[in-house]
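Comments concern the structure below.
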Amino acid sequence: MAAKSAAPVWREKRPQLMDGRCNRCGDCLFFCPDGALGIEEGQLTINLEFCKGCGICTHECQLEAIIMVPEHRVESGLLG
């Protein structure tokens, strides 16, 4: 497994796999413009180093097995 690097500052959201929903149909793999998705040992993988956060994988997944989540967690509001 590749080492994870620091999260890109330009990406607002990133895909997250929902456990147990993916049936490995391959639709997300086919439509991902960045080649960020793959199948390893029978499981869907998301390489966040390639992902641009476009959300196409989420849109194309009929089982809603991939959701978009915020890249950065904000602890407080703009004014504190």
Side-chain angles (χ1 to χ4, degrees):
M1 179 174 256
K4 293 183 181 181
S5 64
V9 294
W10 43 262
R11 185 173 58 211
E12 292 183 21
K13 292 186 176 185
R14 62 180 171 80
Q16 179 176 311
L17 185 62
M18 300 297 291
D19 289 335
R21 289 192 180 181
C22 179
N23 67 356
R24 292 164 300 286
C25 68
D27 287 349
C28 58
L29 298 169
F30 180 77
F31 286 102
C32 179
D34 301 312
L37 303 171
I39 300 283
E40 291 182 16
E41 297 180 13
Q43 298 296 318
L44 178 68
T45 60
I46 303 171
N47 186 335
L48 295 176
E49 291 190 31
F50 292 114
C51 176
K52 305 295 186 284
C54 67
I56 292 173
C57 57
T58 301
H59 178 74
E60 294 300 328
C61 181
Q62 299 298 313
L63 299 175
E64 298 179 358
I66 305 171
I67 61 170
M68 295 301 285
V69 297
E71 179 68 48
H72 304 285
R73 195 167 171 217
V74 177
E75 296 297 326
S76 62
L78 181 63
L79 300 176

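Here, residue 1 is the first one in the sequence, and each next residue gets the next number.
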Under 3.5 Å, side-chain donor or acceptor atoms of residues 14-34 against the rest of the protein: list the pairs with distances, not counting sequence neighbours.
from: Arg21; atom 1: NH1; to: Glu64; atom 2: O; distance (Å): 3.1
from: Asn23; atom 1: OD1; to: Cys25; atom 2: N; distance (Å): 3.2
from: Arg24; atom 1: NE; to: Gly42; atom 2: O; distance (Å): 3.0
from: Arg24; atom 1: NH1; to: Cys22; atom 2: O; distance (Å): 3.4

Hydrophobic cluster membership, with links at side-chain heavy-atom distances under 4.5 Å among I/L/V/M/F/W/Y: are Ile46 and Leu63 in one? no

Polar side-chain atom of Lys13 near backbone of Arg11 as donor-acceptor pair, under 3.5 Å: no

Would you compute the distance between atom CD1 of Ile66 and atom SG of Cys61 and round it to the nearest 0.5 angstrom? 5.0 Å

Shared-cluster residues of Met68, by chain and number - hydrophobic side chains joined below 4.5 Å: none

Leu37 and Leu44 have their tightest heavy-atom pair at CB-CD1, 4.3 Å

